[in-house]
**Student:** 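Sharing a structure here in C-alpha cells format.
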Amino acid sequence: MAAAEPARAATLHAGRAPLVLFSLIYALAYTLTTLLHEGAHATTSAWLGGNPVLYPTHVRHELTSGMAAAWVAAAGPLFNLLQGLLVLALLPLLSRRSAASRLLWLWLCIDGLVNFFGYLLTTPFVARGDAGKVVVP
C-alpha cells in the first residue's frame, strides 16, 4: 500500500501540468488581446492628432469630445472584432501545430470576439467605457 502512494501522487501532479500550461496560455492570450485593444486606441488617437500615452490597461489622450474621441473609443472594440474574425479564419490552417499553439490561437479568437460583443451588450446599460463614448460622445 505504501508503494502505491508515491505513484498516485506522481499521477496527480502530472495531471496538473496541463492545467497550469493551459492557464498560462489563457493569461497570455488575454494579455495580448488587452494590449492590442489599447494599442488600437493609441494608434487611432495618434492618427487623429492626439498625444496618446499607452498604459497596460488604458490610453490617455487629449481628444476628449467630438467625432475624433468617438473614433478613438471605437478603435479598440473594432480591432478586437477584426482580431477575432481574422484568427477564426486562420484556425483551419493551424491544425498541424501543437495543441498548446492551437489553444493560444483559439483563445485569441474567443477573447477578441467576446470583448467586441461584450461592449455591444453592455452599451445600453453603461454610458461609460468605449462603446458608451461612441454612443454618447
Side-chain angles (χ1 to χ4, degrees):
M1 190 79 158
E5 288 300 318
R8 181 172 180 256
T11 303
L12 287 176
H13 291 297
R16 291 182 187 158
L19 179 61
V20 171
L21 176 64
F22 297 157
S23 298
L24 290 173
I25 289 170
Y26 172 77
L28 176 62
Y30 181 83
T31 302
L32 286 173
T33 298
T34 302
L35 291 175
L36 291 170
H37 175 99
E38 298 305 331
H41 288 306
T43 302
T44 305
S45 177
W47 282 344
L48 296 175
N51 189 18
V53 178
L54 180 62
Y55 296 98
T57 59
H58 69 284
V59 174
R60 186 174 48 88
H61 56 87
E62 299 165 350
L63 306 169
T64 57
S65 63
M67 281 304 288
W71 276 109
V72 171
L78 289 175
F79 186 85
N80 287 138
L81 176 63
L82 177 67
Q83 167 193 333
L85 293 175
L86 182 64
V87 175
L88 182 64
L90 294 175
L91 283 176
L93 302 174
L94 303 170
S95 63
R96 294 180 187 244
R97 294 193 176 256
S98 70
S101 174
R102 289 191 318 250
L103 185 61
L104 174 63
W105 286 104
L106 181 63
W107 273 122
L108 285 170
C109 172
I110 292 169
D111 280 348
L113 294 174
V114 165
N115 202 0
F116 174 76
F117 287 110
Y119 278 109
L120 288 183
L121 291 171
T122 59
T123 300
F125 308 107
V126 181
R128 296 176 32 191
D130 294 339
K133 291 175 187 172
V134 173
V135 174
V136 185

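Keep in mind that the numbers below use all heavy atoms, side chains included, and drop hydrogens, waters and symmetry copies.
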**Student:** Mind checking the OG1-CH2 spacing from T44 to W71? Nearest 0.5 Å is all I need.
**Tutor:** 9.0 Å
**Student:** Can you see which heavy atom on L21 is nearest to which on A100, and at what distance?
**Tutor:** CD2-CB, 4.2 Å
**Student:** What is the distance from atom CD1 of I25 to atom CG of L104, rounded to the nearest 0.5 Å?
**Tutor:** 6.5 Å
**Student:** Which pair of non-hydrogen atoms, one from C109 and one from G84, has the smallest distance, and what is that distance?
**Tutor:** SG-O, 3.5 Å
**Student:** Quick check for you: to the nearest 0.5 Å, what is the distance between F116 atom CZ and L121 atom CG?
**Tutor:** 10.0 Å
**Student:** What about Y55 and H41, are their ring centers closer than 6.0 Å?
**Tutor:** no
**Student:** Let me confirm one number: the CD-CG distance from Q83 to L32, rounded to the nearest 0.5 Å.
**Tutor:** 8.5 Å
**Student:** Closest approach of P92 and A89, non-hydrogen atoms and distance?
**Tutor:** CD-O, 3.4 Å
**Student:** Check whether L85 and W105 end up in the same hydrophobic cluster, where Ile, Leu, Val, Met, Phe, Trp and Tyr are linked by side-chain heavy atoms less than 4.5 Å apart.
**Tutor:** no
**Student:** Give the minimum heavy-atom separation between E38 and H58, together with the two atoms involved.
**Tutor:** OE1-CA, 3.3 Å
**Student:** How long is the gap from CG on N115 to CD1 on I110, to the nearest 0.5 Å?
**Tutor:** 13.0 Å
**Student:** Treat each ILVMFWY residue as a node, draw an edge where side-chain heavy atoms are under 4.5 Å apart, and state whether L120 and L81 are in one component.
**Tutor:** yes
**Student:** If hydrophobic clusters are built by linking Ile, Leu, Val, Met, Phe, Trp and Tyr wherever their side-chain heavy atoms come under 4.5 Å apart, do V114 and W107 end up in the same one?
**Tutor:** yes
**Student:** For R102, is there any backbone N or O sitting under 3.5 Å from a side-chain donor or acceptor partner on R97?
**Tutor:** no
**Student:** Report yes or no: do L94 and L88 belong to one cluster of Ile/Leu/Val/Met/Phe/Trp/Tyr joined by side chain heavy-atom distances under 4.5 Å?
**Tutor:** yes
**Student:** For H37, which of Y119, F79, Y30 qualifies under ring pair (Phe, Tyr, Trp, His ring centres under 6.0 Å)?
**Tutor:** Y119
**Student:** So, the side chain of T122 versus the backbone of G118: is there a donor-acceptor pair under 3.5 Å, distance only?
**Tutor:** yes
**Student:** Check whether any side-chain heavy atom of D111 sits under 4.5 Å from a side-chain heavy atom of Y26, and report yes or no.
**Tutor:** yes
**Student:** Given the rule that I, L, V, M, F, W and Y join up when any side-chain heavy atoms are under 4.5 Å apart, are L90 and L106 in one cluster?
**Tutor:** no
**Student:** Nearest heavy-atom pair of V59 and P52: which atoms, and what distance?
**Tutor:** CG1-CB, 3.9 Å
**Student:** Pick from L48, V72, N51, V53: which one makes a side-chain contact (heavy atoms from CB on, under 4.5 Å) with H61?
**Tutor:** V72
**Student:** As an exercise, state the distance from CG of N80 to OG1 of T33, rounded to the nearest 0.5 Å.
**Tutor:** 6.5 Å
